[in-house]
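Quick caveat: nothing in here was measured; it's all calculated off a predicted structure. Numbers for residues simply follow the sequence, beginning at 1. All values below were derived from every heavy atom in this structure, side-chain atoms included, with hydrogens, water molecules and symmetry-related copies excluded.
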Amino acid sequence: MRNLLTAIIVLACLVFLGSGYLYWKDRTGVVASEVDQTPKSDDSSESANKEGDKEKKQKDVDPAVVELASNWPEEAQADLREAVENGERYPIALVGSLALGGDDGWAAMLKEALEESYGKDVVDVKLFEYDLISRQFIDEERYEEVVDFAPKLVLYEPFILEDNGVVDVDENHENIDAFLNVIPDAVVLLQPARPVPDSSIYPQQVKDLQAYAKAQDIPYLDHWENWPEDASDYVVSGESAPNEKGHEVWFEYLQEYFIAE
């Protein structure tokens with residue numbers, strides 16, 4: 001009788017333990033299934049958030065801004081559009097001799113006009129003015145300041161008047177080539193310095209610069225078109241710089257090119 005009772009108790013214990021095990025297995029399977037699904041939901045949400053952040057970083061291009069640059073070379077227009085889409089400022093360098101005119105010259109006036117028309121959040125304009133000849137600009141590597149700025153558009157007055165009587169035309173063009181080689185990612189525009197009244201040799205040098213630009217497929221901005229035939233009242237006597245009226249006519253030509261309104 002005692003043995004029978006013991007057997008019944010052992011059997012009951014086994015049934016209880018077996019039932020408990022099956023219940024535990026069933027519950028842990030459900031929990032595991034729920035856990036497996038959770039990361040998938042989080043991954044999907046995280047991916048959606050990343051896409052949303054990416055879209056936020058890109059800005060819609062204001063058609064008016066693109067229209068202002070309609071006179072620019074197509075490559076420069078495309079670079080400007082890309083910069084605006086990426087929320088980046090588009091760097092523009094104005095490079096040349098003392099003919100830029102410092103704080104009151106055409107270059108400073110152009111910088112202000114560009115920032116006002118396009119917006120300081122769209123363009124980053126910087127002046128690089130040197131009291132040098134083109135040979136010094138290259139040999140002394142003074143161009144490094146421009147390179148460090150990493151401009152996408154460069155308006156370059158290649159020291160042509162400073163070189164007059166010191167550096168011949170061929171060397172001046174070689175120095176332009178050297179400068180272009182250190183800024184391969186920039187779109188470069190060439191322009192002459194100011195007119196020189198009663199000069200016979202310098203105008204031919206300017207024509208040679210224009211011919212060089214055409215041969216190299218470089219846009220040439222001929223602001224001389226905006227100067228009067230007799231420019232005596234528009235330049236500082238004995239110097240290579242324009243006076244206030246000269247800076248104004250130079251600026252007006254460039255403003256019309258860079259800001260198409």
### Message
When you measure from the centre of the six-membered ring of Tyr234, is the NZ or CZ of Lys245 closer than 6.0 Å and no more than 45° off the axis?
### Response
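Checked: cation-pi criterion met.
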Anything under 30° is parallel, anything over 60° is perpendicular, the rest tilted; go ahead and classify [X] against [Y].
X: Tyr202; Y: Trp224; answer: tilted
X: Phe137; Y: Phe179; answer: perpendicular
X: Trp227; Y: His223; answer: tilted

Is it the case that the side chains of [Y] and [X] hold a donor-acceptor pair, with the cut-off being a distance below 3.5 Å and no angle test?
X: Glu252; Y: Trp106; value: no
X: Tyr143; Y: Asn181; value: no
X: Glu145; Y: Tyr130; value: yes

Could you tell me whether the side chain of [Y] reaches within less than 4.5 Å of the side chain of [X], counting heavy atoms only?
X: Pro73; Y: Leu189; result: yes
X: Leu155; Y: Ile92; result: no
X: Glu129; Y: Val95; result: no
X: His173; Y: Val169; result: yes
X: Leu94; Y: Phe128; result: no
X: Val235; Y: Pro195; result: no
X: Arg135; Y: Asn175; result: yes

### Message
Quick one: does any side-chain atom of Tyr156 pair with a main-chain N or O of Ile176 as donor and acceptor, under 3.5 Å?
### Response
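No; judged by distance alone, with no hydrogens or angles, the pair does not exist.
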### Message
Strictly distance-based, threshold 3.5 Å: is any side-chain N or O of Glu157 a donor or acceptor partner for the main-chain N or O of Pro192?
### Response
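Looks like no, no N/O pair under 3.5 Å.
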### Task
Please report the C-alpha distance between Val84 and Val122 in whole Å, then the side-chain angles of each, then the deciding distance to 0.1 Å, and finally whether the side-chain contact (heavy atoms from CB on, under 4.5 Å) criterion is met.
CA-CA 7 Å; Val84 174; Val122 174; 4.0 Å; yes
### Task
Report yes if the distance between the aromatic ring centroids of Tyr220 and Tyr212 is under 6.0 Å, otherwise no.
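No, too far apart.
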